[in-house]
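Take a look at the structure set out below.
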Amino acid sequence: MLPSSQEFFYYRDGTLFCENLELASLAEKHGTPAYVYSQGTILHNFDRLRETLAQLPALICYSVKANSHLRILNLLRQAGAGFDVVSGGELMRALKTGAAPETVVFSGVGKTQDEMDAGLAAGILMFNVESAGELALVESRACALKKVGRISIRVNPDVEADTHPYISTGQRIHKFGVPKEEASELYRRAASSPHLKIQGVACHIGSQILDVEPFWKALDEILAIARQLAAEGITLSVLDLGGGFGIPYRGESPLDVQRLAHGLTERLRKSSMKLVVEPGRALVGNAGVLLTRVLYVKRNHRKNFVVVDAGMNDLMRPALYGSYHEIISVREHSAERIQADVVGPICESGDFFAHDRNLPSVQPGELLAVLTTGAYGFVLSSNYNTRPRPAEILVNGAQAELIRAREKIEELMTAEESGGSG
Ligand code: LLP
């Protein structure tokens, strides 16, 4: 059974399809491991979110970090998305797609001077500033470059989001944002500078959040700050609520974005602020699968292991967060099943995709699909163990395009062989 959110992936005639193509034929042609993305899913996710937010003046800034492939950025830009970037590299990617600078927001707790200069030169919508030091640097760089630094303050609202501790970001103990008590002081400083223009207020309380309540709490905190500032004559025109919209990995209900939108409409009725949201995972997560081939099936003592040709270097999420990904066989199986760990070839016990998973009784040579890996899959991959990073394939209806070839082993050594002269 496929999780219902994966409607563009389905079985037909006993084999797994992505849109109108058999995944087995893609594996045959391009080898494994390979990420396969469904274009239809990405556009469907974007359109649905846009429709849901249609009552609000909203800009959807796709969070590039979730999957930064230029083709995917291009698709989303053409569909009407802006971008949320967190580095000079992501900014360059966004601009390469032809994104209008005024649809780009720059987040991140440690922006460098070079990154600020690049954002100022491009004329982005805003830097989401996370400290007094950062505010001072944007101001001085804007002055030096004779630009106006457009800013929002990212407020840390001290709100708990029920998610993995590594991706929860909105509490006092976290490094992110400016404590809510200190935000007004920074706004006053920004308001008095001729080199800065205040755009609005931002927050991002974490990722993979399934419940709307933490969003309400964060929103109440930042609206209170906006009201207090308005009383002092400082008006905010943008409210950036961040991303974090959770999706199902094992049958959970996704974040109820409809409910979020209703609540936002109500709460923002009296304000003239434009809404920015920064979803990443919710747009691309269920659009991707990692295709991998079974190398061996072995039994150690009483435990079964399915050893596959993808490793933690290709998909880090299980090793890093203990995250759950559905794993299905590309060939539809009859009833016989085994209980097994699905593991990669890397010399670490953290190199696993599933523990004690109930799986079809697969044989060496068979293909498996690790589901819901379109977000934070390829982007977190590495060359650990001198393993080339996997191929990426984009499927659109009956067309498949290799959008990134599998790396070649020799390529991995070129920078070392050329040393400092490279
Ligand atoms: N905006 C900001 C400021 C962020 O830091 C993030 C994610 C997002 C938006 C997008 O969040 P999303 O809508 O995708 O949840 N590697 C982890 C997720 C890290 C998220 C970091 N920040 C994972 O694989 O679960």
Side-chain angles (χ1 to χ4, degrees), residues 35 42 45-46 49 53 59-68 72 76 81-87 90-91 94 104-111 125-130 134 152-157 161-171 174-178 201-212 214-215 218 222 239-250 252 254-255 257 260 275-288 290 312 314-325 353 370-382:
Y35 279 99
I42 297 172
N45 290 341
F46 182 80
L49 181 60
L53 298 176
L59 175 64
I60 301 172
C61 289
Y62 168 62
S63 192
V64 171
K65 65 169 78 74
N67 186 323
S68 57
I72 290 178
L76 286 165
F83 296 109
D84 159 50
V85 302
V86 290
S87 68
E90 286 191 355
L91 174 62
V104 177
V105 303
F106 202 137
S107 307
V109 73
K111 303 175 193 79
L125 176 65
M126 60 195 189
F127 292 95
N128 288 344
V129 168
E130 302 213 21
E134 189 190 333
S152 284
I153 303 293
R154 172 167 173 185
V155 173
N156 181 323
D162 181 19
T163 186
H164 190 281
Y166 289 5
I167 55 175
S168 171
T169 54
Q171 284 171 267
H174 297 132
K175 67 179 176 181
F176 297 98
V178 173
V201 59
C203 75
H204 170 78
I205 54 174
S207 192
Q208 184 54 13
I209 301 169
L210 295 166
D211 183 9
V212 290
F215 287 100
I222 58 182
L239 189 155
D240 180 346
L241 194 60
F245 305 172
I247 63 170
Y249 282 93
R250 56 187 311 176
E252 311 92 322
L255 178 81
V257 184
L260 184 68
L275 178 72
V276 168
V277 287
E278 305 170 355
R281 188 191 316 264
L283 297 181
V284 294
N286 68 346
L290 175 62
M312 65 191 276
D314 302 302
L315 174 65
M316 272 280 268
R317 300 193 74 255
L320 199 53
Y321 316 107
S323 26
Y324 183 98
H325 286 269
F353 295 122
V370 187
L371 302 185
T372 326
T373 50
Y376 307 110
F378 186 90
V379 284
L380 280 171
S381 66
S382 77

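Indexing begins at 1, ligand by ligand and atom by atom, following the structure's order. Just so we're clear, the structure is a prediction, and the values are computed from it rather than from any experiment. Residue numbers count from 1 along this sequence.
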(request) Go through ligand 1 atom by atom and flag the ones less than 4.0 Å from a non-hydrogen atom of Asp84. (result) 1 (N), 2 (C), 9 (C)

(request) Kindly say whether Ala66 contributes a backbone atom to a donor-acceptor pair with the side chain of Ser63 at under 3.5 angstrom? (result) no

(message) For His325 versus Pro318, what's the shortest heavy-atom pair and its separation?
(response) CD2-CG, 4.2 Å

(request) Using a 4.0 Å heavy-atom cut-off, say whether Leu320 meets ligand 1 through its side chain, its backbone, both or neither. (result) neither

(request) Compare every heavy atom of Val86 with every heavy atom of Gly108, then report the nearest pair and how far apart it is. (result) N-CG1, 4.4 Å

(message) For Lys65, state whether at least one heavy atom is located under 4.0 Å from any atom of ligand 1.
(response) yes

(message) Suppose we measure from atom 14 (O) of ligand 1 to each protein heavy atom; which comes out shortest, and what is that distance?
(response) Tyr376 OH, 2.7 Å

(message) For Ala282, state whether at least one heavy atom is located under 4.0 Å from any atom of ligand 1.
(response) no

(message) Can you tell me how far apart CD1 (Ile222) and CG (Leu239) are? Round to the nearest 0.5 Å.
(response) 4.0 Å

(request) Check each atom of ligand 1 against the heavy atoms of Gly280 and keep those under 4.0 Å away; list them by number with element. (result) 12 (P), 13 (O), 14 (O)

(message) Closer than 3.5 angstrom, by distance alone: can the side chain of Asn128 be matched with the main-chain N or O of Arg154 as a donor-acceptor pair?
(response) no

(message) If the contact criterion is a heavy-atom separation under 4.0 Å, does Gly242 count as touching ligand 1?
(response) no

(message) Apply side chain to side chain contact (heavy atoms under 4.5 Å, CB included) to residues Tyr249 and Gln208 and explain how you reach the verdict.
(response) CA-CA 10 Å; Tyr249 282 93; Gln208 184 54 13; 3.7 Å; yes

(request) Starting from atom 24 (O) of ligand 1, find the nearest protein heavy-atom neighbour and note its residue, name and distance. (result) Arg317 NE, 2.6 Å

(message) If you apply the rule side chain to side chain contact (heavy atoms under 4.5 Å, CB included), what do you find for Glu134 with Lys111, and how did you get there?
(response) CA-CA 8 Å; Glu134 189 190 333; Lys111 303 175 193 79; 2.6 Å; yes

(request) Looking only at protein heavy atoms, identify the closest one to atom 17 (C) of ligand 1 and say how far it is in Å. (result) Tyr321 OH, 3.0 Å

(request) Taking all non-hydrogen atoms of both residues into account, name the closest pair between Met316 and Leu380 and its distance. (result) CG-O, 3.4 Å

(message) What's the separation between atom CG in Leu91 and atom CZ in Phe83, rounded to the nearest 0.5 Å?
(response) 11.0 Å

(message) For Asn67, is there any backbone N or O sitting under 3.5 Å from a side-chain donor or acceptor partner on Tyr62?
(response) yes

(request) If you have a sec, work out which protein heavy atom is nearest atom 19 (C) of ligand 1 and how many Å separate them, to one decimal? (result) Ile167 CG2, 3.7 Å

(request) To the nearest 0.5 Å, tell me how far Ser382 OG sits from Met312 CE. (result) 7.5 Å

(request) Using a 4.0 Å heavy-atom threshold (strictly under), name the region of Glu278 that reaches ligand 1: side chain, backbone, both or neither. (result) both

(request) May I ask you to check if ligand 1 and Arg154 share an N or O to N or O distance below 3.5 Å? (result) no

(request) State the atoms of ligand 1, each with its element, that fall below the 4.0 Å cut-off from a heavy-atom position in Gln208. (result) 15 (O)

(request) Under 4.0 Å, heavy atoms only, figure out whether ligand 1 is touched by the backbone of Arg281, its side chain, both or neither. (result) both

(request) Ignoring angles and geometry beyond distance, decide whether Ser207 reaches within less than 3.5 Å of ligand 1 through its nitrogen or oxygen atoms. (result) yes

(message) Counting only heavy atoms, tell me which of Ser63, Gly206, Gly243, Pro279 gets closest to atom 8 (C) of ligand 1.
(response) Ser63

(request) Report yes if Gly244 has an N/O atom closer than 3.5 Å to an N/O atom of ligand 1; otherwise report no. (result) yes

